[in-house]
Q: 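Mind looking over this structure? Questions follow.
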Amino acid sequence: MTLSALLVLADGRFPAGGHAHSGGAEAAVKASRIKDAADLESFCRGRLHTTGLTSAALAAGAAHGLDPYELDAAADARTPSAALRAAARRLGRQLMRAARATWPSPELDALAAAFPRGAHQPVVLGTAARAAGLGPEEAAHCVAYETVGGPATAAVRLLSLDPYQATAVLARLAPEMDHVAGRAAAAARQGDVDALPAASAPLLDLTAEQHAAWPVRLFAS
């Protein structure tokens, strides 16, 4: 494992398409659930410990070498919202393009061939992490960070929120990100897809379906 590879994969400038997605923040802003930095912190914390934990475990499982096809099916089962499943596959397809160009790998090639319309993003991320020489913990940390980093960045654009305040939210959540990544990696190391967390956030599922039907929106999801 190289620290630099982890930084490349976790960098928001890595061309994986995440900048076009708000992680549910756009719908939350419209519903007045996010109005300021305090609301943003509560939103990110809830997302981190539910869907973030689930996604981090899927990525950690892929990085650990669990069957990616079983992991993709598990991701489908853990994502009730059709809109979120579609978004996860679009993000997976974009991430796959970037990952194959950055870390050429037979495992990435096989996954791309098996899912031409895109595997779930956490599964692709974990496979990319494995190709980069990273392990379950590093893959889980990437997902934990992007789980809160995406909504924080989106809130800056949606609310004209002070970017210093948004960054401070991420800093305050750092210990919890570490905790979630540790839980996810520990679950992946059990070697059983069925043992991975299946935490959910029903409100995110409901608002994702509503958001997908908006005629005008700033973010894809």
Side-chain angles (χ1 to χ4, degrees), residues 7-31 33-34 39-40 43-44 46-48 50-52 54-56 58-59 62 72 75-76 78-103 108 111-112 115-129 139 141-163 166-167 169-170 173 177 201 203-221:
L7 295 175
V8 171
L9 184 58
D11 193 335
R13 292 164 294 187
F14 191 71
H19 65 279
H21 296 259
S22 76
E26 185 168 23
V29 167
K30 183 174 183 179
R33 296 189 186 94
I34 300 178
D39 292 338
L40 175 63
F43 177 87
C44 288
R47 192 166 190 266
L48 175 63
T50 54
T51 57
T54 300
S55 296
L58 291 165
D72 193 79
D76 253 353
R78 287 161 169 76
T79 312
S81 165
L84 289 181
R85 289 196 300 272
R89 292 193 182 280
R90 287 196 301 271
L91 283 167
R93 185 168 62 248
Q94 178 68 22
L95 174 58
M96 179 65 77
R97 291 178 60 193
R100 291 175 76 188
T102 308
W103 299 289
L108 285 171
L111 188 61
F115 296 95
R117 295 187 177 182
H120 275 264
Q121 192 264 5
V123 180
V124 178
L125 189 149
T127 307
H141 271 97
C142 284
V143 174
Y145 178 73
E146 72 178 16
T147 294
V148 297
T153 301
V156 171
R157 296 170 63 184
L158 292 162
L159 293 170
S160 296
L161 186 69
D162 184 339
T167 302
V169 166
L170 299 181
L173 289 173
M177 287 186 244
L203 186 57
L204 286 178
D205 295 321
L206 292 171
T207 55
E209 293 299 315
Q210 296 165 0
H211 181 271
W214 292 0
V216 178
R217 56 184 187 268
L218 183 61
F219 292 92
S221 71

Q: Minimum heavy-atom separation for Ala27 to Thr207, with atom names?
A: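 Answer, listing the atom of Ala27 first, then Thr207: CB-CB, 3.8 Å.
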Q: Sequence neighbours excluded, which residues qualify as side-chain hydrogen bond (donor to acceptor under 3.5 Å, both in side chains) partners of Ser22?
A: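 If we apply the side-chain hydrogen bond (donor to acceptor under 3.5 Å, both in side chains) test to Ser22, skipping adjacent residues, there are no hits.
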Q: Spell out, as yes or no, whether a donor-acceptor pair under 3.5 Å connects the side chain of Ser55 to the backbone of Gly52.
A: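 No: the side chain of Ser55 does not pair with the backbone of Gly52.
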Q: Which distance, rounded to the nearest 0.5 Å, do you find between the NE2 of His21 and the CG of Leu84?
A: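 Answer rounded to 0.5 Å: 10.5 Å.
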Q: Take His120 and Leu58 through the test side chain to side chain contact (heavy atoms under 4.5 Å, CB included) and record every step on the way to the result.
A: CA-CA 9 Å; His120 275 264; Leu58 291 165; over 6 Å; no
Q: Partners of Ala86 by side chain to side chain contact (heavy atoms under 4.5 Å, CB included), sequence neighbours excluded?
A: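 Arg90.
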Q: Residues in side-chain hydrogen bond (donor to acceptor under 3.5 Å, both in side chains) with Thr102, at least two apart?
A: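 If we apply the side-chain hydrogen bond (donor to acceptor under 3.5 Å, both in side chains) test to Thr102, skipping adjacent residues, there are no hits.
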Q: Who passes salt bridge (charged side-chain N to carboxylate O under 4.0 Å, His left out) against Asp205, sequence neighbours left out?
A: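 Not a single residue meets the salt bridge (charged side-chain N to carboxylate O under 4.0 Å, His left out) criterion with Asp205.
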Q: Looking at every heavy atom in both Ala98 and Pro15, which two are closest together, and how far apart are they?
A: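 Reported closest heavy-atom pair: CB-O, 3.5 Å.
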Q: Who are the ring pair (Phe, Tyr, Trp, His ring centres under 6.0 Å) partners of Phe14, not counting sequence neighbours?
A: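 Residues passing ring pair (Phe, Tyr, Trp, His ring centres under 6.0 Å) with Phe14: Trp103.
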Q: Using side chain to side chain contact (heavy atoms under 4.5 Å, CB included) as the criterion, list what pairs up with Ala119, not counting sequence neighbours.
A: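 For Ala119, the residues satisfying side chain to side chain contact (heavy atoms under 4.5 Å, CB included) (neighbours in sequence not counted) are Asp72, Leu111, Phe115, Val124.
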Q: Indicate the atoms forming the closest heavy-atom contact of Pro163 with Val156, along with that distance.
A: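 Closest heavy-atom pair between Pro163 and Val156: CA-CG2, 4.0 Å.
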Q: Just to verify, what does Arg217 make a side chain to side chain contact (heavy atoms under 4.5 Å, CB included) with, not counting sequence neighbours?
A: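 So Arg217 forms a side chain to side chain contact (heavy atoms under 4.5 Å, CB included) with Glu26, His211, Trp214.
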Q: Which residue pairs satisfy the salt bridge (Lys or Arg N to Asp or Glu O under 4.0 Å) criterion with at least one member in residues 8-21, sequence neighbours excluded?
A: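 Counting only pairs at least two positions apart or across chains, the salt bridge (Lys or Arg N to Asp or Glu O under 4.0 Å) contacts touching residues 8-21 are Asp11-Arg13.
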Q: Minimum heavy-atom separation for Ala62 and Thr127, please, with both atom names.
A: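 Closest pair (atom of Ala62, atom of Thr127, distance): CB-N, 3.7 Å.
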Q: Nearest heavy-atom pair of Ala99 and Ala128: which atoms, and what distance?
A: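 For Ala99 and Ala128, the tightest heavy-atom pair comes out as CB-CB, 3.7 Å.
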Q: Not counting sequence neighbours, which residues clear salt bridge (charged side-chain N to carboxylate O under 4.0 Å, His left out) with Arg100? List them please.
A: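 With neighbours one apart ignored, the set is Asp109.
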Q: Who are the side chain to side chain contact (heavy atoms under 4.5 Å, CB included) partners of Ala59, not counting sequence neighbours?
A: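 Expected list: Pro122, Leu125, Ala139, Val143.
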Q: When rounded to the nearest 0.5 angstrom, what is the spacing between CZ in Arg85 and CZ in Arg78?
A: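 Between Arg85 CZ and Arg78 CZ, I get 14.0 Å after rounding to 0.5 Å.
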Q: Taking only residues at least two apart or on different chains, which pairs with a member in residues 143-153 satisfy side-chain hydrogen bond (donor to acceptor under 3.5 Å, both in side chains)?
A: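 Passing the test, one end in residues 143-153: Gln121-Glu146.
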Q: Checking the side chain of Thr54 only, and the main-chain atoms of Thr50 only, is there a donor and an acceptor separated by less than 3.5 Å?
A: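 Looks like yes, one N/O pair under 3.5 Å.
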Q: Under the side-chain hydrogen bond (donor to acceptor under 3.5 Å, both in side chains) test, which residues partner Glu209, sequence neighbours left out?
A: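 Once residues adjacent in sequence are excluded, the partners of Glu209 under the side-chain hydrogen bond (donor to acceptor under 3.5 Å, both in side chains) criterion are Ser81.
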Q: Quick one: does Phe219's side chain get under 4.5 Å of Leu158's, heavy atoms only?
A: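 Phe219 reaches Leu158 side chain to side chain.
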Q: Give a yes or no on whether the backbone of Gly118 and the side-chain of Arg89 come within a donor-acceptor separation of less than 3.5 Å.
A: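 Confirmed, Arg89 side chain pairs with Gly118 backbone.
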Q: Has the side chain of Arg47 got a donor or acceptor atom that lies under 3.5 Å from a matching backbone atom of Gly23?
A: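 Checking the backbone N and O of Gly23 against the side chain of Arg47, a donor-acceptor pair under 3.5 Å is found.
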Q: Could you grab the distance from atom CG of Leu204 to atom CZ of Phe43, nearest 0.5 Å is fine?
A: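 Atom-to-atom, Leu204:CG and Phe43:CZ are 5.0 Å apart.
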